[in-house]
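The structure under discussion appears below in the form of structure tokens.
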Amino acid sequence: MTHIVPAALPVDFARLGEDVAALDRAGSDRIQWDVMDGQFVPNLTYGADVIAACRPYADCGFEAHVMCERPEELLHTYAQAGCEVVLVHPETLRQPHATLQQLRAQGVRPGLALSPGTPLAAAEPLLDLIEVLLVMTVNPGFGGQSYLASMEPKIAAARTLLDAADHPIELEVDGGIGPDTIARAARAGADVFVSGSALWRYPSFREGIADLRSRAASARGEEVGEQR
Ligand code: DX5
């Protein structure tokens, strides 16, 4: 199943709840919150309190993409804020196995996010503990960057790895995903697509989500599923 996940990064921060409600109404499968601490990445965004404040504005799922140094102490706050998925970067964790176990114990679906420079091997020993693997197609930290086609072999290798896993694991891509790149990422093996700046360039969120879903689904050889 093809999922389109708008990134709450190009949002109007002065009207955040309204933007989130509009993304939900437009058929988002989930909304991704890019949590950045200015340490792991050279940018600062928002924390769990902002996510919690927006939770009542949408029915769709929320996912937290935690781009922070030493995230362990705050990971429980994303579950409390209403996130169903929490993605962490393995290089930020002192005890990755224990941290992913804790996430599951908190009732969220744990995921790993791999920066372009982080090998797939960083996720292999932890596959039994995750339900989402995010392969970044830009360097984490900012929206509006260009898609890294050089990540496609990594996406394809991840597809092979996840297809051999003993439980379903979503293969998500994030970074520069738009009408000109989503089919390539889908053909490489992705099934969940995060889009930020490209989605905001469409006349409406609904048209953008529908177009991106259609492009990805046809590239994956799927019938274009009904939008939420
Ligand atoms: C980078 C962010 C962005 C965001 C999507 O750290 O993770 O990739 O989600 O933004 P666009 O679609 O503009 O690359």
Side-chain angles (χ1 to χ4, degrees), residues 2-13 16 19-20 22-23 26-48 50-51 54 58 60-69 71 78 83-92 111-118 132-152 154-155 158 170-186 188 190-202 204-205 207-213 215-216:
T2 298
H3 289 309
I4 302 297
V5 180
L9 197 57
V11 291
D12 178 349
F13 282 94
L16 189 50
D19 270 9
V20 166
L23 286 168
S28 302
D29 290 298
R30 291 199 290 266
I31 292 173
Q32 185 192 74
W33 295 91
D34 283 307
V35 181
M36 303 180 192
D37 67 352
Q39 300 298 317
F40 178 63
V41 293
N43 196 4
L44 187 62
T45 54
Y46 35 63
V50 171
I51 300 171
C54 291
C60 69
F62 282 178
E63 80 176 26
H65 175 193
V66 183
M67 292 166 270
C68 302
E69 288 295 353
Y78 303 111
C83 292
E84 66 180 37
V85 173
V86 175
L87 301 160
V88 288
H89 286 254
E91 59 268 49
T92 65
L112 286 174
L114 301 179
S115 297
T118 305
V132 184
L133 179 65
L134 170 58
V135 175
M136 296 286 301
T137 44
V138 294
N139 289 303
F142 296 92
Q145 301 177 75
S146 299
Y147 170 80
L148 295 173
S150 57
M151 291 296 111
E152 289 170 7
K154 185 177 180 182
I155 297 167
E170 292 177 358
L171 180 47
E172 188 172 20
V173 289
D174 175 1
I177 298 296
D180 302 330
T181 57
I182 194 166
R184 303 183 53 147
D191 51 19
V192 181
F193 305 86
V194 175
S195 184
S197 44
L199 181 60
W200 263 254
R201 286 197 289 270
Y202 281 91
S204 74
F205 289 146
E207 284 172 83
I209 290 170
D211 181 58
L212 292 173
R213 192 191 311 278
R215 290 173 185 267

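All of these numbers come straight from a predicted model, not from anything done at the bench. One-based numbering along the sequence shown. One-based numbering, in listed order, for ligands and for the atoms of each.
- Rounded to the nearest 0.5 Å, atoms CD (Glu172) and CG (Leu87) are 5.5 Å apart.
- For ligand 1, the atoms closer than 4.0 angstrom to any heavy atom of Gly176 are 11 (P), 12 (O), 14 (O).
- Residue Gln32 places at least one N or O, backbone or side chain, under 3.5 Å from an N or O of ligand 1.
- The protein heavy-atom contact nearest to atom 10 (O) of ligand 1 is Gly143 CA, 3.7 Å.
- With sequence neighbours left out, the ring pair (Phe, Tyr, Trp, His ring centres under 6.0 Å) criterion links Phe62 to Trp33.
- To the nearest 0.5 Å, atoms CG (Leu148) and CD1 (Ile155) are separated by 9.5 Å.
- Considering OG1 of Thr137 and CE of Met151, their distance stands at 9.0 Å, rounded to 0.5 Å.
- Residue contact check: Gly175 has heavy atoms under 4.0 Å from atoms 8 (O), 14 (O) of ligand 1.
- Here the heavy atom of the protein found nearest to atom 12 (O) of ligand 1 is Gly196 N, 2.8 Å.
- Counting protein heavy atoms only, atom 6 (O) of ligand 1 is closest to Gly141 N, 2.7 Å.
- Close contacts between ligand 1 and Pro140 involve ligand atoms 6 (O) [criterion: under 4.0 Å to a heavy atom].
- Nearest heavy atoms, Arg215 versus Ile182: CB-CG2, 3.7 Å.
- Every atom of ligand 1 is numbered from 1 in the order shown, and the set under 4.0 Å from a heavy atom of Met36 is 6 (O).
- Atom numbering of ligand 1 starts at 1 in the shown order; those under 4.0 Å from a heavy atom of Gly144 are 11 (P), 13 (O), 14 (O).
- Of all the listed residues (Tyr147, Phe142, Trp33, Phe193), Phe142 holds the heavy atom that lies closest to atom 1 (C) of ligand 1.
- Proximity annotation for atom 2 (C) of ligand 1: of Val194, Asp34, Val5, Leu134, Asp34 comes nearest, heavy atoms only.
- Contact atoms of ligand 1 toward Ala7: 4 (C), 5 (C), 9 (O) (distance under 4.0 Å to a heavy atom of the residue).
- A heavy-atom separation below 4.0 Å is not found between Ala198 and ligand 1.
- Under 4.0 angstrom from ligand 1, the non-hydrogen atoms of Val138 all belong to its side chain.
- To the nearest 0.5 Å, atom CD1 of residue Ile177 and atom OG of residue Ser195 are 7.5 Å apart.
- Applying the side chain to side chain donor-acceptor pair (under 3.5 Å) rule to pairs touching residues 60-69 yields Arg30-Glu63, Gln32-Glu63, Asp34-His65, His65-His89, sequence neighbours excluded.
- Between the side chains of Glu152 and Tyr147, a donor-acceptor pair is found at a separation under 3.5 Å.
- The minimum heavy-atom distance between Val192 and Val5, with the atom names listed, is CG1-CG2, 3.6 Å.
- Regarding atom 13 (O) of ligand 1, its nearest protein heavy-atom neighbour is Ser197 OG, 2.4 Å.
- In terms of protein heavy-atom proximity, atom 5 (C) of ligand 1 is closest to Asp174 OD1, 3.4 Å.
- Atom CG of Asn139 and atom OG of Ser115 lie 7.0 Å apart (nearest 0.5 Å).
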